[in-house]
Amino acid sequence: MASWSVLAALLGAVLAAPPAAVDEQASNPPGILISRQLAEARGLGLGDVVRLGPQPAGERARPFRVTGVYEPVPDPFRLTAERLEIRVHLPDLIELTVAADDPGAAESVTRVNVALRDPADADRFAGDLEAKLPGVSVWPSSGSWSGADPFTVLERFHVAVASVTMIGSAAFLLSLMVMRSEERRQNAGILRLLGFTRPRILLEVFLEGLLIAAAGTAFGLLLAVAVEGLFNRFFQWHYDTALVFVHVTPGIAVKCVAIAVPLGIFAGVVASWTLLRRDIMTLLRR
Amino acid sequence: MTSFGFAWRSLTRQPARALLGVTGVSVVGALLFDMLLLSGGLAVSFRDLLDGLGFDVRVTANQWVPSRGPLIGDGAGVLAKLRGLREVQDVTLLRFGQAEVVLDDDPDFSANFMGIRGRARKSWTVIEGQDLPEQDDPSIPSILVNRSLADKARLSAGDLLRLRGTCEPGAAAMPTTDFRVAGIVAFRFEAAGHHDSVTGLDAFLRACEPRDPDAATLFLVASHAEAGPAATVRAIRQALPDLHAYTNQQFVDRMQVTDFSYFRQISFALSTITLFFAFLLIATLLTVSVNQRLGEVAALRALGFRRRRIIADLLWESALFVGAGGLVALPLGGLIAGRLDAILREMPGIPAGLHFFVFQPRVVAEYTVLLAVTGVLAAAYPIYLAARLPITATLRREVVS
């Protein structure tokens, strides 16, 4: 059965009167569904009778019975909106909102959702329908945006912040590696005296860097997975939504490994090379 | 030698290492500075935009942002009541809608269409032509369009513009209405790429023929200076209890907990992570540095340097790290903020005058305090190591090794 989602806020004084005070004009009021958020905000439950009206002052209000409480579909575009929503049957909504002197309005709808046999046809279908029905906007539900997609913009913002963080981390890593190399300056000199060639020592540094970078990356990923739940729970609580905010996908993990491991190795090798290119006596401080 | 001089020499003895450390602190500091700018930037910028309109109170049907909420019934009656309040200096009625711009040679396109009754004050700036006239020609009413609309429809001041009002979804297609473009303007809340237009309320209603012609989307109110916005809001709430009146600051406060809250949360989370990262960076660098100089510290102690002096040396070293990095971070943060701001402003529907990162002196003070506290905390462990160093055992170990 067709139903409409209506914001309680748009229906003005809808819930101004507590259920007990509702005028029992209708013995069997029509059923409505209310969102969990609305039920919690107004202390409503199954079987309660509320009055809905199109005007804030409550004119033309009619009683309805709450027959269900639903969890609204998470919608990133309504992240910050309070999901105070009611679903009523279409005929009830028309009766409630259409003015008596404007019968034509009863034939109007805001939106029609269409499920195609072949979803891949959505763009072509939208184009055809728009050409055949001037004045009607048609767009695929998963289609492209006419302007910039806010989530693409947000993603670019996060990537930019991550890039800056990575530059800071790289500087941090390099300075640590330089310190570590300095600490092992004498060891490097002794190894050179024992006959180890520069490439051989660099290979060791490379392998050591690889191990450290791999361990660091693994720890970082585990930490990200561990705090993923914390972040999600906090934001889901804050916005009262079931949306997932942070999700460490395999793709993201691979990207992290692909950046962090070479960066770690590079920092180790560069720091060691600045030391190893010196002659043996300098390394031994002689 | 003073503690400062000693710390300076310790750092400059290994310039590459010091440079890398300072680079790390400056990048992290820049990010921290940016996140602090972001935490309140949107609210400051939005408040500036609102105040710039010249109205300090707005009245809507409910607590929603005007374009998302229901209309206010009996607009003329509300307008009269508002004008009758002694706290009110000026009131403007606005009605928002949509229109199709009808072109002879090119496809029609959609534009925002607004009707106004009352003075616009500073809602827009005329950049070509003239403002809306006090007395309009009802046969061909005047309209103002923004540059984006003018360019797309190839319009100049004085040209004719044909519009078809599409103010109500589902309504039957309206006949077209001709307007004369009085001027091209820059709207204060204009979003990049959006096509915006405004005309007098009567012309708007004629083009749209809405079901409820007496309704209004929003009232903008300018308070008398002696009354102030808070008193005006109280008076409006008393006179019109069914409507929602709020000051610009109240509107911004509400946006802070709704629409802007995501950026506040993100900036808080990233500021915390950045501070922790800065702490880790400075603490690690100083600890490794102290560990490398244990013999030196023990020798200084043996020479008669007091524990307090060693602590002062390390604190100065930390201060130099944080101070140099923190100073470089300010211009660097400004540059990064400009880029991040440009990215975020690509979001659809964001007014061109709205910024996410706004410089405020308060932010510099907060940034300085946070970085200073981080520097002191980060120096705590290396200071503990150096202060508790057993002099004899350390010197012996140094000699033996």
Side-chain angles (χ1 to χ4, degrees), chain A residues 7 9-13 54-57 79-82 99 101-102 104-105 107-111 134-137 145-150 152-154 156-161 164-180 182-183 231 234-235 238-239 245 271 274, chain B residues 14 16-21 23-28 30-31 34-35 61-64 68-70 73 100 110 166 168-173 193 211-212 242-243 257-262 265-266 269-270 273-274 277 280-281 284-285 288-289 291-292 336 339-340 343-349:
Chain A
L7 290 168
L10 293 179
L11 287 173
Q55 299 298 328
L79 176 63
T80 56
E82 270 189 298
D101 58 350
D102 186 14
E107 301 299 320
S108 306
V109 292
T110 309
R111 184 181 298 176
V136 173
S137 300
W145 282 67
S146 54
D149 176 352
T152 308
V153 173
L154 271 184
R156 277 209 293 274
F157 170 71
H158 288 299
V159 167
V161 169
V164 175
T165 313
M166 211 177 65
I167 294 169
S169 311
F172 179 26
L173 198 62
L174 258 177
S175 56
L176 268 183
M177 289 301 191
V178 166
M179 283 180 161
R180 204 174 117 263
E182 283 292 332
E183 253 180 3
F231 265 93
F234 172 77
F235 282 109
H238 184 80
Y239 293 111
F245 292 79
T274 55
Chain B
Q14 285 168 316
R17 181 204 290 186
L19 191 68
L20 283 169
T23 306
V25 173
S26 52
V27 174
V28 170
L31 201 54
D34 287 348
M35 289 307 117
N62 66 8
Q63 58 177 354
W64 288 60
R68 301 180 205 163
E100 286 284 314
S110 182
T166 53
E168 286 173 351
R211 291 187 198 107
D212 42 2
D242 288 341
L243 299 183
V257 294
T258 56
D259 296 51
F260 300 165
S261 68
Y262 178 77
Q265 308 289 346
I266 280 291
L270 287 177
I273 292 170
T274 310
F277 192 58
L280 209 62
L281 174 69
T284 310
L285 291 181
V288 174
S289 170
N291 274 332
Q292 283 180 351
I336 296 171
R339 180 68 200 119
L340 294 177
I343 290 175
L344 287 177
R345 289 177 62 216
E346 286 170 15
M347 278 203 198

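Since the structure is predicted, the reported quantities are computational estimates derived from the model, not experimental observations. Just so it is clear: chains get the letters A, B, ... in the order the sequence lines come, proteins before strands, and each one is counted from 1.
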Q) Does the side chain of B/Thr284 come within less than 4.5 Å of A/Phe172's, by heavy atoms? A) yes

Q: Let me know if B/Ser289 has heavy atoms under 4.5 Å from chain A in its side chain, its backbone, both or neither.
A: both

(Q) Using side-chain heavy atoms (C-beta onward) and a distance below 4.5 Å, is B/Gln265 in contact with A/Tyr239? (A) yes

**Q.** Which atoms of B/Leu243 approach chain A - backbone, side chain, both or neither, heavy atom under 4.5 Å
**A.** neither

Q.
With a 4.5 angstrom heavy-atom cut-off, is it the side chain or the backbone of B/Ala30 that approaches chain A, or both, or neither?
A. neither

Q) For A/Thr165, which residues count as a side chain to side chain contact (heavy atoms under 4.5 Å, CB included) partner, sequence neighbours excluded? A) A/Val161, A/Ser169, B/Leu31

Q. Between B/Asn291, B/Leu285, B/Val28, which shows the greatest number of heavy-atom pairs under 4.5 Å with chain A?
A. B/Leu285

Q: Just do the side-chain contact (heavy atoms from CB on, under 4.5 Å) check on B/Ile266 and A/His158 with the steps written out, would you?
A: CA-CA 10 Å; B/Ile266 280 291; A/His158 288 299; 3.7 Å; yes

Q: Measure distances from B/Phe277 to the heavy atoms of chain A and classify the residue's part below 4.5 Å as side chain, backbone, both or neither.
A: side chain

Q. Rounded to the nearest 0.5 Å, how far apart are CD1 of A/Ile167 and CD1 of B/Ile336?
A. 7.0 Å

Q: Sort A/Val164 into side chain, backbone, both or neither according to what part of it lies under 4.5 angstrom from a heavy atom of chain B.
A: both

Q: Mind listing the closest non-hydrogen atom pair of A/Ala171 and B/Leu20 along with its distance?
A: CB-O, 3.8 Å

Q | Side-chain touch B/Met347/A/Leu154, heavy atoms, less than 4.5 angstrom | A | yes

